[in-house]
Amino acid sequence: MPVPLVIDTDTAQDDCVAILTGLLDSAADLKAITMVAGNVGFDQQVRNAFLTMSVAGELGTVPVYLGARQPILRPWVSAENVHGDGVGGLAIDMSGLAPETEHAVDALIRIAAENAGELCIVAIGPLTNIALAAAKDREFVHNVKALYVMGGSNNGRGNITAAAEFNFYVDPEAAKAVLAAGFTTVIVPWDRLTLRDAVFDQAHLDEIAAIGTPIADFFTTIVAATLDFDRSVGIDGSTHPDSLTVAVLLHPELITASAPYHVDVETGSDLTRGYSAMSWGVHGLAPNAKVIEAVDADAFFRHIKALVAHPTVPSRPIRRPTA
Ligand code: BDR
Ligand code: CA
């Protein structure tokens, strides 16, 4: 049976690949896309989500709900320096396309109740929507079968600061609240996992570009801006933490090491804002999450190659930026 899921996203670059997985992988039953403030301008993120659905030939098949336009307490922090607009300037004609009118937080609560005990949520942006849903309806936590989170680092490097990974940095209060809320939580961290097992180097990217499908062309364009940034900070390839998060939900056989941890997030310090303290079981703290420690990197790349090889017919023509 396909896994019923919602993807909560700040749609740019690898978020798009995660959405493509939710749309095209036969192991997924994607119920909704919910938008949260994160990577790039909120309305650009919404356009990116519709563009991604269009590339998959799936425009109109999955509803998009708009959620929090800023973190719970703090001003929004952008990653536009990393991602540009998040899609390499690609666009579609948006006429007639509109998100749902129901707020994403209410949609999350409703869809979880309609699929109680079955629904998985993949949260690949700041955790603002998830924290608000858990605060608004305490049944939400129990109705969600499992919450898969891309966020934090496992006692390793951050990316937006030395201490913090972007999603937890942007809304640390939300991340802290979600980790304390009682969800069955699985975490895909940035360091070491993503940096070791979910970086596609130039040879990988050349293999994908050679596939030549509309999705392969889309993939190649959208990772380009981030690739430049990654190389400028010493990462030899494009990073795919968000699509890995969906992949380990749908294909748990990709996971080669995981362990229970107690995970908490720093909210009091300016220096280490958003730092994820991941305690591995020797500090007397009860586990609140399973942290993925390693995946089969080759198998993950093969999974992405199979995804981009889907011979889709885009729902609307893709416009490229004019030089
Ligand atoms: C995370 O931050 C965002 O820039 C990416 O989409 C990913 O979810 C990595 O730190
Ligand atoms: Ca993201």
Side-chain angles (χ1 to χ4, degrees), residues 6-22 33-42 44-46 48-49 52 64 67-68 71 76-88 104 121-130 147-154 156-172 174-175 178 186-200 219 222-230 232-235 237-249 265 273-276 278 291-292 304:
V6 172
I7 298 180
D8 188 71
T9 167
D10 53 341
T11 311
Q13 201 253 0
D14 194 38
D15 290 76
C16 301
V17 186
I19 290 172
L20 288 171
T21 306
I33 294 166
T34 53
M35 195 60 62
V36 67
N39 278 323
V40 302
F42 193 90
Q44 180 65 45
Q45 293 180 169
V46 176
N48 294 349
T52 304
V64 178
W76 169 56
V77 178
S78 147
E80 284 158 321
N81 62 317
V82 178
H83 299 298
D85 68 358
V87 290
I121 295 177
V122 179
I124 52 177
L127 287 167
T128 319
N129 288 341
I130 310 302
L147 173 65
Y148 281 64
V149 173
M150 190 285 126
S153 279
N154 188 352
R157 291 184 175 202
N159 48 21
I160 189 164
T161 68
E165 177 281 331
F166 178 78
N167 290 338
F168 281 11
Y169 178 88
V170 171
D171 198 341
V178 166
V186 177
I187 295 181
V188 168
W190 178 255
D191 188 18
R192 288 300 305 153
L193 180 69
T194 299
L195 289 177
R196 186 195 53 223
D197 296 342
V199 175
F200 298 162
F219 182 101
I222 66 173
V223 303
T226 310
L227 190 57
D228 290 344
F229 176 86
D230 286 333
S232 78
V233 296
I235 301 170
S238 76
T239 54
H240 295 275
D242 296 335
S243 48
L244 178 60
T245 310
V246 182
V248 296
L249 164 62
V265 177
R273 162 184 171 176
Y275 171 74
S276 54
M278 298 197 177
V291 176
I292 309 301
I304 294 294

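Values in this document were obtained by computation on a predicted structure and should not be read as measured data. Remember, it's 1-based here, ligands and their atoms both numbered in the order they're listed.
Among the backbone and side-chain atoms of Asp14, no N/O/S atom is found under 3.0 Å from the Ca ion (ligand 2). Coordination check, Ile124 versus the Ca ion (ligand 2): passed, since an N/O/S atom of the residue sits under 3.0 Å.
Note that CD1 of Ile292 is 7.5 Å distant from CG of Leu193, once rounded to the nearest 0.5 Å.
Looking at heavy atoms from C-beta onward, Arg196 lies out of side-chain contact with Val199 at the 4.5 angstrom threshold. At least one side-chain heavy atom of Leu20 sits under 4.5 Å from a side-chain heavy atom of Thr52. For the pair Arg192 and Asn154, the minimum side-chain heavy-atom distance is 4.5 Å or more. The closest side-chain heavy-atom distance from Asn159 to Tyr169 is not below 4.5 Å.
With respect to the Ca ion (ligand 2), Asp10 has OD1 as its nearest N, O or S atom. The atom of Asp242 nearest to the Ca ion (ligand 2) is OD2, with the search restricted to N, O or S atoms.
Just one residue in the list Thr226, Asp14, Asp15 forms a side-chain hydrogen bond (donor to acceptor under 3.5 Å, both in side chains) with His83, and that residue is Thr226. Exactly one residue among Val188, Val248, Ile121 makes a side chain to side chain contact (heavy atoms under 4.5 Å, CB included) with Tyr148. That residue is Val248.
The minimum heavy-atom distance linking Met150 with Pro241 is given by the pair CG-CB, 3.6 Å.
Enumerated by chain and number, the residues approaching ligand 1 to less than 4.0 Å through a heavy atom are Asp15, Asn39, His83, Ile124, Met150, Asn159, Glu165, Phe166, Asn167, Trp190, Asp242.
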